[in-house]
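Encoded as structure tokens, the structure appears first; notes follow it.
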Amino acid sequence: METTRLTKEHFDGNGNFTADESLLTARGHIEVDGDLGWLKVPRLVAAGRISIEAGSGIEAGEGIEAGSGIEAGWGIKAGEGIEAGEGIKAGWGIKAGEGIKAG
């Protein structure tokens with residue numbers, strides 16, 4: 001399965017996503033570099049897993065979905081829902097405006 005990697009270059013100094021939004025929907029996995037702080041994206045969707053390295057957390061205004069699992073070094077926040085086919089794991093916390101669902 002193909003992996004999309006999000007790095008410092010995809011975000012501005014405030015952690016806002018500034019690259020092409022097509023990178024936020026992957027047919028495979030999504031990996032996010034560590035030590036970037038809290039990162040803000042409109043939505044994050046992966047057919048495979050979403051993995052966020054230590055020192056980074058993700059906040060999605062709409063929602064976060066992964067076909068398999070979601071793992072974050074810091075935390076996961078979503079304005080709507082968080083859904084994973086397998087498990088959800090975060091170093092600090094998980095927060096969703098509507099619901100959290102894990103297989």
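Since the model is a prediction, treat every value here as computed from it, not as a measurement. No hydrogens, no waters, no symmetry mates; every other heavy atom, side chains included, goes into these values.
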Mind checking what makes side-chain hydrogen bond (donor to acceptor under 3.5 Å, both in side chains) contact with N14, not counting sequence neighbours? none

Report, as yes or no, whether the 6.0 Å neighbourhood of atom CZ on R27 holds more than 12 heavy atoms from other residues, nucleotides or ligands. no

Of the non-hydrogen atoms in G28 and A46, which two are nearest, and what is the gap between them? O-CB, 3.5 Å

With a cut-off of 6.0 Å (strictly less than), are more than 12 heavy atoms of other residues, nucleotides or ligands near NZ of K40? yes

Nearest 0.5 angstrom please: I52 CD1 to I50 CD1, how far? 6.5 Å

Go through R49 and M1 one step at a time and tell me if the side-chain contact (heavy atoms from CB on, under 4.5 Å) criterion holds. CA-CA 10 Å; R49 65 176 157 64; M1 211 177 258; over 6 Å; no

Given V45 and I30, is the side-chain contact (heavy atoms from CB on, under 4.5 Å) satisfied, shown in steps? CA-CA 8 Å; V45 179; I30 295 177; over 6 Å; no

Closest non-hydrogen atom pair, W38 against I76: CH2-N, 4.0 Å

For a quick test of reading the model, state the closest non-hydrogen atom pair linking G48 to H29 and the distance between them. CA-ND1, 3.5 Å

Can you tell me how far apart NZ (K89) and CD (E71) are? Round to the nearest 0.5 Å. 4.5 Å

Can you measure from NZ (K77) to CH2 (W92) and round to the nearest 0.5 angstrom? 10.0 Å

Which pairs would a plain distance check flag for residues 54-67, meaning a side-chain donor or acceptor within less than 3.5 Å of a matching protein atom at least two apart in sequence or in another chain?
unit_1	atom_1	unit_2	atom_2	d
S56	OG	D33	O	2.8
S56	OG	D35	N	3.4
S56	OG	L36	N	3.0
E65	OE2	R43	NH2	2.4

State plainly whether one hydrophobic cluster holds both I88 and L44, where clusters connect Ile, Leu, Val, Met, Phe, Trp and Tyr through side-chain heavy atoms under 4.5 angstrom apart. yes

For F17, does its backbone N or O pair with a side-chain atom of H10 as donor and acceptor, under 3.5 Å? no

